[in-house]
Amino acid sequence: MRYSKLLIPTLKENPSEAEAISHKLMVRAGFVRQLAAGLYIYLPLGWRVIEKINRIIRQEMNTIGAQELSMPILHPAEIWQETGRWNEIGDEMFRLKDRGGRDMCLGMTHEEIVTWLASKEIRSYRELPQIWYQIQTKLRDEARPKSGVLRTREFIMKDSYSFDIDDDGLERSYRLHEGAYRNIFSRCGLKFYMVESDPGMMGGGMSHEFMAPSPAGEDEIALCDNCGYGANLEIAGSIPGIPQFPSCPQDPSERFEEVETPEKRTIEEVTSYLNLNPELFIKSIMVIGDDGPVLALVRGDQTLHEKKLKKIIGNFRSAHRDEVKELLGVEAGFIGPMGHKIRKVADNSLKQGVYVSGANKEGYHIKGVKPERDFKAEYSDIHIAKEWEGCPSCGKPLKVEKAIEVGNIFKLGTKYSIPLKANYLDEKGEEIPIVMGSYGIGPARIAASAIEQNHDENGIIWPASISPFDVHILPLNTKDPKTIEVAERLYGNLKTEGIEVLIDDRDERAGIKFKDADLIGIPYQIVIGEKNLKEGMVEVKDRRSRNVKKFKIEDLSAIISLCRT
Ligand code: ATP
Ligand code: MG
């Protein structure tokens, strides 16, 4: 296509509001424009990228036998009420009424609708298994739409759903998706990990996320290079290291020693005041659960993992200052696990060692606290896993990376088929709920992750498979007839060969063309300059390595084979 005819509004400066590199570059290179918070317009180049990603997704989904269909974006409330999610989901769901006053919503996902369809159309075990997918718009009133197209309020998702007679069937469908997803993300040129994840509002059993490592990611994942363990920090386990106890009494006979810590409340204040490492402290956090107050205990260097605690004590909230005062007679900052009967849940790491804790007395801490001897607690993993802690499956050090969730797979089981009565008749004629899985991919997140992982100071470096074009022809002097003649000939010949070509036919300075070409990031640039033409040559620049190779103008096949690698 011709640059002069395309809408490619490149910008000299980064948009001021953008933080993520992919956000800056997609705007600057003329791929997207923001309409309003979390709403983006894809310009021609941006849309070509999305379409290429969608093509790869379709091919891989079709390969595992999935069938493409399309479901509405506008949903009647009743179906969402039947599964309970109408009430469970809060402000993230866009709700509206139709002219007849009926409640409706905009689909944030399609489990309800697809299960309704299965309940109507699937009768017998003979019709199973099935996998259905669509590439369809989703709407979510995200609390913090940000980072460009990484988190928007309207976005495209490839969502697929599997229907099986039993758990073994579901396991097969799940693994088919795993394989398809690995192919999709590899073919899109992404570095990615598949990690264990928290099923969250989807419910059901096992789930995994596909994570593209990037500093722009909102998720953090724990990874083990030794055994391959990987999990979102939302659920990652870890074996904490055992701290050395230099100046704390190790000897059990050496009982507590109260130390004055006037006005020193936070771990930072107390550790620096007593000149002890944070690992030597017990952090006591008072929360109020449905069954009353609970003291959560973690080591001073650890952060309480609220989701892990929730699994043990159910829903809870932080205790207010006056609640703490009323229960323990002291302000938060000096509270500790001893001398009261409040339920205590302690991190596993506290089973060993001797610590400093709050003294439940204004202005005091206690040294020499030995859990189990000095107080009883329930022990569990309730801290957020950290880099260098032991891998929960092999014990070797974990690393923690930021990552973008580009896709996920869930085993739903019968969570949706039971309320929506999606049953099949088995061989004996008995009605059995269909066993389901749900699988999502965000094409926009793939595009943005590809930029996060592939760029330099001059712009984007597209993986060839999802680049808006394969080759960018740069005739430097459009006033020179020979330049134009060669450029047009190459353009025509490459197109005939099925190569997607962008030709910069603008009457612009060479410097501007080079800058825009690097910014847009097509993997190969064919530079047609007068000097080389005199020798019958053109230059082909590899956008990533910046290597330049000269080719004879006639040597089209060599140029093509280079561009196809
Ligand atoms: P997140 O935790 O990042 O909000 P999610 O768990 O809500 O993601 P799903 O509901 O499972 O995501 O959606 C499947 C896929 O859709 C995600 O893996 C992601 O690629 C994409 N996606 C989800 N929310 C958004 C969004 N707001 N903007 C763009 N893509 C999204
Ligand atoms: Mg979400």
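The model shown is predicted, which means the values in this text are computed figures rather than measured ones. Counting starts at 1 for both ligands and their atoms, following the listed order.
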M157 neighbourhood, listing ligand 1 atoms whose heavy-atom distance to it stays under 4.0 Å: 13 (O), 14 (C), 16 (O)

For Y181 and K158, which I'm curious about, is there any donor-acceptor pair between the side chains at under 3.5 Å? yes

Under 3.5 Å between some N or O of ligand 1 and some N or O of E142? yes

S349 and Q302: side-chain donor and acceptor closer than 3.5 Å? yes

Heavy atoms only: which of E92, K138, R140 is nearest to atom 5 (P) of ligand 1? R140

Under a 4.0 Å N-O cut-off, is there an ion pair linking R85 with E88? no

Counting heavy atoms only, which part of L150 comes closer than 4.0 Å to ligand 1: side chain, backbone, both or neither? backbone

Using 30° and 60° as the class limits, which term best fits the ring planes of W80 and H75: parallel, tilted or perpendicular? parallel

Looking only at non-hydrogen atoms, the one of F410, Y40, F155 nearest atom 31 (C) of ligand 1 is F155

For G407, take its heavy atoms, then give the atoms of ligand 1 lying under 4.0 Å from any of them. 18 (O)

For N408, is the nearest heavy atom under 4.0 Å from an atom of ligand 1? yes

What part of R151, side chain, backbone, both or neither, has a heavy atom within less than 4.0 angstrom of ligand 1? both

Residue from S214, C188, S449 passing side-chain contact (heavy atoms from CB on, under 4.5 Å) with V406: S449

Between K399 and E387, is any pair of side-chain heavy atoms under 4.5 Å apart? yes

Note: ligand 1 atoms sitting under 4.0 Å from heavy atoms of T152 are 26 (C), 27 (N), 28 (N), 29 (C)

With a 4.0 Å cut-off on N to O distance, would you call K97 and D103 a salt bridge? yes

Does G440, backbone or side chain, put an N or O under 3.5 Å from an N or O of ligand 1? no

Begin from the C-alpha positions of K308 and D381 and carry the test salt bridge (charged side-chain N to carboxylate O under 4.0 Å, His left out) through to its verdict. CA-CA 7 Å; K308 289 181 183 172; D381 173 6; 3.1 Å; yes

May I ask you to list the atoms of ligand 1 that are less than 4.0 angstrom from any heavy atom of V406? 18 (O), 20 (O)

